[in-house]
Amino acid sequence: MNKILVFLEGQGTTLKRTSLEAISAARTLASATGIPYAGMIINGTKEQVKAVGDYGMADVINAKHELMETYSSTAAAKILHQVIQSENADIILFSANAKGLELAPRVAAKLEAGYIGDCVALEVKDGNIIANKPVYAGKSQITAMVNSEKKVFSLRPNVFTATKVEGSITITTKDYAPSLSEDDRKAFVTAMMKNEGKMDVLEADTIVSGGRGIKGTENYNLIENLASAFGGAVGASRAVVDAGWRPHSEQVGQTGKTVSPTLYVACGISGAVQHLAGMSTSKVIVAINKDKDAPIFKVCDYGIVGDLFNVVPKLTEKVKALTGK
Amino acid sequence: MNILVCISRVPDTATRILVGPDGKTIDTQGIKYVISPYDEYGIEEALRLKEKNGGTVTAVTVGNESSTDILRTALAMCVDKAVHIKADEKKDSFFVAKNLAEYAKEMNPDLIFMGRQSVDYDSLQMPSMVSEFLGLPSVSVVSKLTIVDGKATAERDVEGGKEIVEVSLPCIISCQKGLNEPRYPKLPDIMKAKSKPIEAREAIQTEEKVTVMSMAIPSKQRIGKLLGDGDGDVEELVRLLHEEAKII
Ligand SMILES: Cc1cc2nc3c(=O)[nH]c(=O)nc-3n(C[C@H](O)[C@H](O)[C@H](O)COP(=O)(O)OP(=O)(O)OC[C@H]3O[C@@H](n4cnc5c(N)ncnc54)[C@H](O)[C@@H]3O)c2cc1C
Ligand SMILES: Nc1ncnc2c1ncn2[C@@H]1O[C@H](COP(=O)(O)O)[C@@H](O)[C@H]1O
């Protein structure tokens, strides 16, 4: 093994948290293998590049091209491929988020490399990187290994911890000028529609989800209030989405989003396997359900057996008192 | 418009998963297999486009002998043609991607539909990989698609909202829930599908890029502390989250 490269995504004046998680994962791999690690970013700003220092990364390759002012995955993959080749890197890390999941397999295909997506652990054993990844919607997990010389992985958000290092680091930035033409932008982003004012379940530290037990869209303010007391996002079971009470963007589960927050609170959700598939790697799970035999209680850390209409408002008050939100 | 839909055969999502005797794959006994749910959106979208614009819809799967069952289901949903690329054992995604790309090259479709992910290994890579092998663009996790004059506009789910992506045809679209409501096959069509031909093909072999070493049922130990619903219980829950779990 030669060199680890981490794909970095900027967000405002800093990097996405998922990128910081990937840097930390790379640092762990680097110290286990003794090989260097660096970041690669496309059209990164000075501030964004500087953000890596707190997390122990000293080298960043900043690939700049004016055509990338509007994002295109085909073009981005072409750029990253050039950077990887010029750095002679062989371990490539992405975040398993919207962008990473599209890019990583593209880059792997260009490198004729094996790719393992959505990893929840990476470990070095006998000089090999062993990945752990949920399969069958998290009902089981595999350990797997990439055989090709170049190896590509993507990391499930919120599973790897982003850890800062002590002291300050001198960051060396290398500007890279990729070769790219209009032809490489066969698909490009023309607009972004933000879910106005709402925090996305994929980016939240705490998610409070409602299920059929909430009985109707008019009661969802209970869920919203609890979520805002935690400073978190609102999620939903499919029953709730199918009933038209909440948009699909909030659905957690096998046909919704896979989330891994620090805290997941399930209110009036029975805990069907397809729901569990989307949230079972959450760090702490709290369930509120009036049926003591509901399957959700088998997978929770803390459960309240009771009527959510009675429990949720009380809980909201008590959490508010503590968080001040 | 000629459309190719790639479909994957997976255990029904309600299936209980057990590790098989080899310790690397699942115990397949008694499992009911279905078309991977996201692929159904692909079939439906293709059929609707065909109903509107004419052309043909071909369904293809890479898999063992049993995989013909999902092709029969696709035929019952009224796709025009079914293609079975034969692979005896479970192969890695690179193998499947190469074979899908190989068939697509020959067929030269205007549009290729895949699912966002195949809900067995959740490998999350086929659309992007195949698109690279074909030199075509792709858009992943699409919940809305409009096609006008050889150009597609796709809405794709990203963190915090939706991206609008413009892409020229031919291209690959990976389907997300919300795209449409897949139809159920009608009884007469199910009967007719039984005698329709399925084209069988030999797979091209590739080097194994990813090796699965073991499989296990995750056993994250959860505390599982159950409380009642009195004021004291709610207070206790907040205390536990604060002091024991240390998350508020
Ligand atoms: C292919 C496929 C994909 C699927 N994908 C998903 C997915 O992505 N996400 C998903 O969530 N589901 C998914 N499902 C659906 C899943 O099987 C369940 O049907 C769904 O999760 C049930 O939602 P629920 O828990 O809200 O409702 P229910 O199962 O009806 O549970 C409601 C719960 O609320 C409790 N309750 C009722 N009233 C109260 C009260 N006053 N106080 C407290 N508790 C109360 C009840 O005890 C019950 O446990 C999928 C299914 C299939 C077949
Ligand atoms: N064996 C297969 N045969 C045909 N299509 C497949 C196969 N495996 C995956 N696909 C397609 O690729 C999509 C994404 O799968 P994956 O990348 O494996 O998660 C699926 O939804 C299918 O459309």
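Quick caveat, the model's predicted, so the values are computed rather than measured. Order of the sequence lines fixes the chain letters, A, B, ..., with proteins taken first and strands second; residue numbering starts at 1 for each chain. These values consider heavy atoms only, across backbone and side chains, with no hydrogens, waters or symmetry-generated copies.
- The number of heavy atoms from other shown groups lying within 6.0 Å of CD (B:Q29) does not exceed 12.
- With a threshold of 4.5 angstrom between heavy atoms, B:I217 approaches chain A through its backbone and through its side chain.
- For residues 315-324 of chain A, a heavy-atom distance under 4.5 Å to chain B picks out A:L315, A:K318, A:V319, A:L322, A:T323, given by residue number.
- At most 12 heavy atoms of other shown residues, nucleotides or ligands fall within 6.0 angstrom of atom NZ in B:K24.
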Checklist entry - What's the verdict on side-chain contact (heavy atoms from CB on, under 4.5 Å) for B:V158 and A:M192, showing C-alpha distance, side-chain angles and the deciding distance? => result CA-CA 9 Å; B:V158 298; A:M192 161 89 188; 3.8 Å; yes

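- Listed here is the closest heavy atom pair of B:A14 and A:K139: C-NZ, 4.1 Å.
- Between B:L241 and A:L263, the closest side-chain pair of non-hydrogen atoms falls below 4.5 Å.
- Two residues are said to be in side-chain contact when any heavy atoms from C-beta on lie closer than 4.5 Å; A:Y136 and B:V119 fail this criterion.
- The two residues B:M213 and A:A144 have their closest heavy-atom pair at SD-C, 4.0 Å.
- Looking at A:V273, only its side chain comes within 4.5 Å of chain B, counting heavy atoms on both sides.
- Across every non-hydrogen atom of B:A245 and A:V284, the tightest pair is CB-CG2, 4.2 Å.
- Here the closest non-hydrogen pair linking A:D301 and B:R222 is OD2-NH1, 2.8 Å.
- Chain B forms the most heavy-atom pairs under 4.5 Å with one residue out of A:G306, A:A109, A:A96, and that residue is A:A109.
- Between chain A and the options B:P127, B:G135, B:A216, heavy-atom pairs under 4.5 Å are most frequent for B:A216.
- A:K198 does not touch chain B: none of its heavy atoms, backbone or side chain, sits under 4.5 Å away.
- Of the atoms belonging to A:S148, heavy atoms from both backbone and side chain fall under 4.5 Å from chain B.
- Salt bridge status for B:D231 with A:K314: present, with a side-chain N to carboxylate O gap under 4.0 Å.
- With a 4.5 Å cut-off on non-hydrogen atoms, A:N310 touches chain B through its side chain but not through its backbone.
- With B:D229 contributing its side chain and A:V311 its backbone, the two residues share no donor-acceptor pair below 3.5 Å.
- For B:E207, no part lies near chain A; criterion is any non-hydrogen pair under 4.5 Å.
- In terms of heavy-atom pairs under 4.5 angstrom with chain A, the leader among B:L18, B:D120, B:D233 is B:D120.
- Both the backbone and the side chain of B:V210 come within less than 4.5 Å of a heavy atom of chain A.
- For residues 160-169 of chain B, the interface with chain A (any heavy-atom pair closer than 4.5 Å) comprises B:G160, B:G161, B:K162, B:E163, B:I164, B:V165, B:E166, B:V167, B:S168, sorted by residue number.
- The shortest distance between side-chain heavy atoms of B:L226 and A:K292 does not fall below 4.5 Å.
- Two residues are said to be in side-chain contact when any heavy atoms from C-beta on lie closer than 4.5 Å; B:Y38 and A:T255 meet this criterion.
- The CE atom of A:M145 sits 13.5 Å away from the NZ atom of B:K209 when rounded to the nearest 0.5 Å.
- Of the atoms belonging to A:A113, it is backbone heavy atoms, and not side-chain ones, that fall under 4.5 Å from chain B.
- Proximity to chain B (any heavy atom under 4.5 Å) is shown, for A:I285, by both the backbone and the side chain.
- When side chains are defined from C-beta on, B:E208 counts as touching A:N147, because their heavy atoms get closer than 4.5 Å.
- Per-residue counts of heavy-atom pairs under 4.5 Å with chain B were compared for A:V135, A:T143, A:T70; the largest is that of A:T143.
- The candidate with the highest count of non-hydrogen atom pairs below 4.5 Å against chain B, out of A:G117, A:A187, A:A104, is A:A187.
- Looking at B:S123, the atoms closer than 4.5 Å to chain A (heavy atoms on both sides) all sit in the backbone: N, CA, C or O.
- Side-chain N or O atoms of B:Q125 include none that pairs as donor or acceptor with a backbone N or O of A:P105 at under 3.5 Å.
- A:Y71 does not touch chain B: none of its heavy atoms, backbone or side chain, sits under 4.5 Å away.
- At a 4.5 Å heavy-atom cutoff, B:S143 makes no contact with chain A through either its backbone or its side chain.
- Only the side chain of A:V286 comes within less than 4.5 Å of a heavy atom in chain B; its backbone stays farther off.
- For the options A:T190, A:T74, A:D307, A:V146, heavy-atom pairs under 4.5 Å to chain B are most numerous at A:T190.
- Under a cut-off of 6.0 angstrom, the local environment of NZ in B:K144 is sparse, with at most 12 non-hydrogen atoms contributed by other residues, nucleotides or ligands.
- Counting heavy-atom pairs closer than 4.5 Å to chain A, the top-ranked of the candidates B:K225, B:M215, B:Q221, B:K177 is B:K177.
- With a 4.5 angstrom heavy-atom cutoff, A:S280 touches chain B only via backbone atoms.
- Ion pairing of A:K16 with B:E159 is present here, as a side-chain N (NZ or NE/NH1/NH2) and a carboxylate O approach within less than 4.0 Å.
- Between A:R106 and B:S131 the shortest side-chain heavy-atom distance falls below 4.5 Å.
- In this structure, OG1 on A:T206 lies 6.5 Å from CD1 on B:I247, to the nearest 0.5 angstrom.
- Options B:D157, B:D92, B:T15, B:V141 differ in how many heavy-atom pairs under 4.5 Å they form with chain A, and the most are formed by B:T15.
- Under the 4.5 Å side-chain criterion, counting only non-hydrogen atoms from C-beta, B:S128 is not in contact with A:L103.
- The part of B:P11 that comes within reach of chain A is its side chain, from C-beta onward, which places non-hydrogen atoms under 4.5 angstrom from that chain.
- B:F133 is not listed as a side-chain neighbour of A:K110, based on a closest heavy-atom distance of 4.5 Å or more.
- Contact count against chain A (heavy-atom pairs under 4.5 Å) is highest for B:I26 among B:I26, B:V139, B:V10.
- Of the atoms belonging to A:E102, heavy atoms from both backbone and side chain fall under 4.5 Å from chain B.
- Interface residue B:F94: only side-chain heavy atoms are found under 4.5 Å from chain A.
- By number of non-hydrogen pairs under 4.5 angstrom with chain B, the leading residue of A:S73, A:P134, A:A272, A:G256 is A:G256.
- The OG atom of B:S214 lies 7.5 Å from the CG atom of A:N132; values are rounded to the nearest 0.5 Å.
- In this structure, the portions of A:Q254 lying under 4.5 Å from any heavy atom of chain B include both its backbone and its side chain.
- When B:R156, B:M129, B:Q117, B:E244 are compared by the number of non-hydrogen pairs under 4.5 Å with chain A, B:R156 comes out ahead.
- Residue with the most contacts toward chain B among A:A287, A:S72, A:S282: A:S282 (heavy-atom pairs, distance under 4.5 Å).
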